[in-house]
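Whatever order the structure lists them in is the order used to number ligands and atoms, beginning at 1.
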Amino acid sequence: MTITRIRKAVFPAAGLGTRFLPATKAQPKEMLPLVDKPIIQYGVEEALASGVDNILLVTGRGKNAIEDHFDVSVELETFLESRGKLEMLAEVRKISNLINFAYVRQGEPLGLGHAVLVTRQLVGNEAFAVILSDDVIDADPPALKQMIDVYDRVHGPVLCVERVPREDISSYGVIAYEPDPSLPAGVYRVTDLVEKPPVEQAPSDLAIIGRYILTPDIFASLEETAKDRTGEIQLTNGLRHLLRSRPIYACEVDGVRHDTGNKLGFLKAVTYFALKRPDISGPFRDYLRSVLEGRV
Ligand code: UTP
């Protein structure tokens with residue numbers, strides 16, 4: 001297979017977002033804002049800043065707001081223009097102008113592996129990225145760019161991993177790995193992968209987080225991956241199958257990750273990004289202090 005630049009990023013967004021009910025009954029969790037930007041836009045901007053400008057969004061029922069968000073809104077643009085709100089106009093245009101979007105429906109949410117599998121025709125025969133927008137990573141260089149640099153060196157699938165506390169490990173796919181002196185610090189050769197292991201069976205404390213660089217042979221592996229007990233096709237299990245036929249790598253990235261897919265992680269992310277915003281950080285900091293000191 002010829003090695004090409006990573007041009008495409010798949011964003012699986014067809015999950016039901018049950019942890020955020022009732023907020024997600026009629027709107028996708030990907031559109032919940034961190035301050036004033038929807039969660040998914042952080043991921044799309046990361047892809048763009050990493051040199052990836054084709055976004056393949058896997059959507060399902062009730063996800064129209066995501067398509068509308070990245071589409072041109074003539075009505076809104078005309079309104080902002082007529083009111084002379086040019087800075088806001090530029091911000092709104094930036095979203096729809098920068099990048100090529102394609103959408104594919106998953107039909108039924110049959111798991112992350114299945115969500116990747118439905119992009120097979122659109123991805124074609126080239127390596128590609130997968131971004132789970134729940135994981136918002138504040139990093140410079142961007143997390144995906146750091147992974148692409150590893151991919152350019154190893155020319156194989158690269159999973160993003162992070163050390164997580166023991167008590168949290170069974171919420172993740174976990175890797176077993178072996179040292180490889182030819183690899184830079186923080187890059188590992190994967191020897192096995194286990195989806196959501198019980199603590200005592202976790203092969204390490206390195207958990208897979210929401211970024212992957214995959215090669216197109218993952219599709220054949222996913223085709224052959226059996227559904228799990230819940231009837232879903234897990235990407236981790238597809239990768240385990242792929243590991244029989246080619247080396248897989250994992251890397252840690254420098255940056256701050258927030259898991260916005262759970263309530264506490266979401267609130268932490270809102271606080272983190274609000275405190276980084278020059279327009280509101282001062283008064284917000286004062287407010288937090290007054291809450292913590294019981295003055296509110
Ligand atoms: P999650 O495990 O977070 O599931 O999916 P979820 O449905 O989004 O949220 P909860 O657990 O019910 O609250 C991880 C990622 O994989 C996507 C989700 O949209 C999310 O980005 N996904 C999951 C799909 O696209 N299709 C699926 O069948 C399952």
(request) With rounding to the nearest 0.5 Å, note down the distance linking OG1 in Thr260 to CG in Leu132. (result) 10.5 Å
(request) Keeping to residues at least two apart or across chains, list the ring-ring contact (aromatic ring centres under 6.0 Å, His included) pairs with something in residues 13-66. (result) Phe20-Phe266, Tyr42-Phe273
(request) Could you note down all residue pairs passing ring-ring contact (aromatic ring centres under 6.0 Å, His included) where residues 67-92 supplies at least one of them, sequence neighbours left out? (result) Phe70-Phe101
(message) My understanding is that only residues two or more places apart in sequence, or in another chain, count here; which of them pass ring-ring contact (aromatic ring centres under 6.0 Å, His included) with Tyr287?
(response) none
(request) For ligand 1, would you mind listing the residues that have at least one heavy atom less than 4.0 Å away, ordered by chain and number? (result) Pro12, Ala13, Ala14, Gly15, Leu16, Gly17, Thr18, Arg19, Lys29, Glu30, Gln106, Pro109, Leu110, Gly111, Leu112, Ala115, Asp134
(message) Against Pro157, only a single residue in Thr215, Val190, Leu243 fulfils side chain to side chain contact (heavy atoms under 4.5 Å, CB included); can you say which?
(response) Thr215
(message) I'd like to know if Arg240 and Glu195 make a salt bridge, using a cut-off of under 4.0 Å between side-chain N and carboxylate O.
(response) no
